[in-house]
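Notes follow once the structure below has been shown.
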Amino acid sequence: LLGGELTRDRKWPWQVSVHYSGFHVCGGSILNAYWVLTAAHCFARGKKLQTFDMYVGITNLEVANRHTQWLEINQVIIHPTFEMFHPVGGDVALVQLKSPIVFSDFVLPICLPPSNLNLHNMSCWTTGWGMISPQGETGKELLEAQLPLIPKFQCQLLYGLTSYLLPEMLCAADIKNMKNVCEGDSGGPLVCKLNETWLQIGIVSWGRGCAQPLYPGVFANVSYFLSWIRYYMETVPNPPQILPSLSSSLRNNLSTLLTIMGSLLVL
Amino acid sequence: VSRRHPKDQANSPSSDVACGQPVLQGK
C-alpha cells in the first residue's frame with residue numbers, strides 16, 4: 001500500500017497472506033472456515049498449488065504468534081470469465097483450504113455484501129503487505145488505508161483510452177493524499193462499514209503502477225460475483241479430514257461390533 | 001508457525017461466528 005498506515009492486530013481479522021515458495025505474493029480474505037476470497041491472477045498458470053501456503057492471524061509477516069495459522073490449499077476455483085473480456089477481467093478466485101480455520105478474536109470472516117448495496121458515500125478501507133513505494137520497497141507490517149471510491153466515469157477519464165474498465169470493476173484511491181494499492185496487495189479486500197458491520201465490496205485487482213500520475217486502484221466488484229461465490233461455497237463439500245486417532249476403547253468397541261456383524265452375516 | 005494438527009479439529013470453528021465484526025473497533 002502506498003501511503004498506508006500501520007494497523008493493529010484484531011482490526012482486520014479476515015486478512016489473509018498468500019505465500020508462494022515462502023514469500024508473500026498476494027492478499028486474501030476469510031469468507032468462512034474453509035474458503036478464502038482472492039484474485040485469480042495470483043494463481044498464474046504454471047504455479048503449483050502445493051507451493052502455495054495461506055496464513056491467517058498475522059500482521060507482521062516475519063512474526064508468527066499463537067493466533068497465526070498456516071493452512072494448505074485443497075483447491076482453487078478461478079472465475080470462468082478470468083481474462084476473457086479484459087486482460088484482468090473476472091479477476092476472482094475462491095481458495096478452498098485442506099483444513100478449517102479456527103476462529104478467534106484475531107481470526108474472523110468478512111461479510112459478503114448484499115447484491116443491491118448502494119456504495120454512495122461509503123467509507124472504505126483496504127489492507128495489505130504490498131509495495132510501499134513506486135521503487136518497489138515492501139514492508140513486513142500489515143498496512144491500512146482509507147480509500148474513497150471513485151466514480152467509474154471519472155476513473156475511466158483518468159485512465160484515458162489506454163485501459164478500459166468493465167462494469168464488474170470499481171475504482172478507489174486517495175489521490176489527494178497519495179494513497180493507493182500496489183503490487184502485492186492484489187487479492188486483498190476493500191471493505192466498507194455499514195451499520196457497524198464490515199462488508200467486502202472489492203478485491204484488489206489491477207492498476208497502473210502505484211504513484212504519480214496516480215491511476216486509481218481497480219478492484220473486482222464483489223457484488224458482481226456474489227452468486228458465483230455463494231454457489232461454490234454452498235455446493236463444494238468440505239475436504240475429508242484426517243480423523244484424529246481413535247481412542248483405544250472406541251477402537252476396541254468398534255472392532256467388537258464389526259466382529260459381531262461379520263459373524264451375523266455368516267449365519 | 002505450528003502446523004495445524006488433526007487434534008485441533010476438536011476445537012474446529014463454529015460456523016456461526018459473526019462476520020465483519022472485529023473485536024477491536026478502530027477508533
Side-chain angles (χ1 to χ4, degrees), chain A residues 5 7-15 19 29-34 53 55-58 63-72 97-113 123 125 144 146 189 191-200 238 241-245, chain B:
Chain A
E5 287 145 22
T7 181
R8 287 174 288 174
D9 57 22
R10 288 174 291 172
K11 193 172 174 186
W12 313 108
W14 41 79
Q15 181 74 41
H19 286 216
S29 57
I30 299 170
L31 297 183
N32 70 19
Y34 280 98
D53 297 298
Y55 290 91
V56 299
I58 190 167
V63 179
N65 58 53
R66 62 194 176 89
H67 307 284
T68 305
Q69 293 168 59
W70 164 60
L71 299 128
E72 294 175 279
L97 303 170
K98 277 186 179 172
S99 53
I101 292 170
V102 176
F103 293 127
S104 67
D105 290 356
F106 295 75
V107 181
L108 287 170
I110 183 66
C111 299
L112 290 171
S123 152
W125 293 71
E144 63 183 34
Q146 185 171 10
V191 296
C192 312
K193 200 171 192 178
L194 182 69
N195 304 332
E196 293 311 304
T197 300
W198 289 93
L199 308 172
Q200 180 170 355
N238 292 339
Q241 283 310 299
I242 310 157
L243 278 179
S245 55
Chain B
V1 176
S2 63
R3 174 176 181 142
R4 290 179 40 68
H5 294 290
K7 69 172 173 48
D8 292 353
Q9 308 307 321
N11 55 356
S12 60
S14 57
S15 55
D16 55 2
V17 68
C19 65
Q21 298 190 3
V23 169
L24 181 70
Q25 295 293 341
K27 290 287 175 282

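Since the structure is predicted, the reported quantities are computational estimates derived from the model, not experimental observations. Chain naming here is simple, since letters A, B, ... match the order of the sequence lines and numbering starts at 1 in each.
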- Task: Kindly give the heavy-atom pair with the smallest separation between A/Trp198 and B/Pro22, and that separation in Å.
- Result: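 Smallest heavy-atom distance, with atoms named: CD1-CD, 3.6 Å.
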- Task: Please name the pair of heavy atoms, one in B/Gln21 and one in A/Leu108, separated by the smallest distance, quoted to 0.1 Å.
- Result: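 Scanning both residues completely, I find the closest heavy atoms to be O-CD1, 3.7 Å.
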- Please list, chain by chain and in numerical order, all residues satisfying side-chain contact (heavy atoms from CB on, under 4.5 Å) with A/Pro109, sequence neighbours excluded. A/Ile30, A/Phe103, B/Val17, B/Cys19
- Contacting region of A/Asn32 [heavy-atom separation from chain B under 4.5 Å]: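 No part of A/Asn32 comes within 4.5 Å of chain B.
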- Query: What pairs with A/Ser104 under side-chain hydrogen bond (donor to acceptor under 3.5 Å, both in side chains), at least two apart in sequence or on another chain?
  - Reply: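 Counting only residues at least two positions away or on another chain, A/Ser104 forms no side-chain hydrogen bond (donor to acceptor under 3.5 Å, both in side chains).
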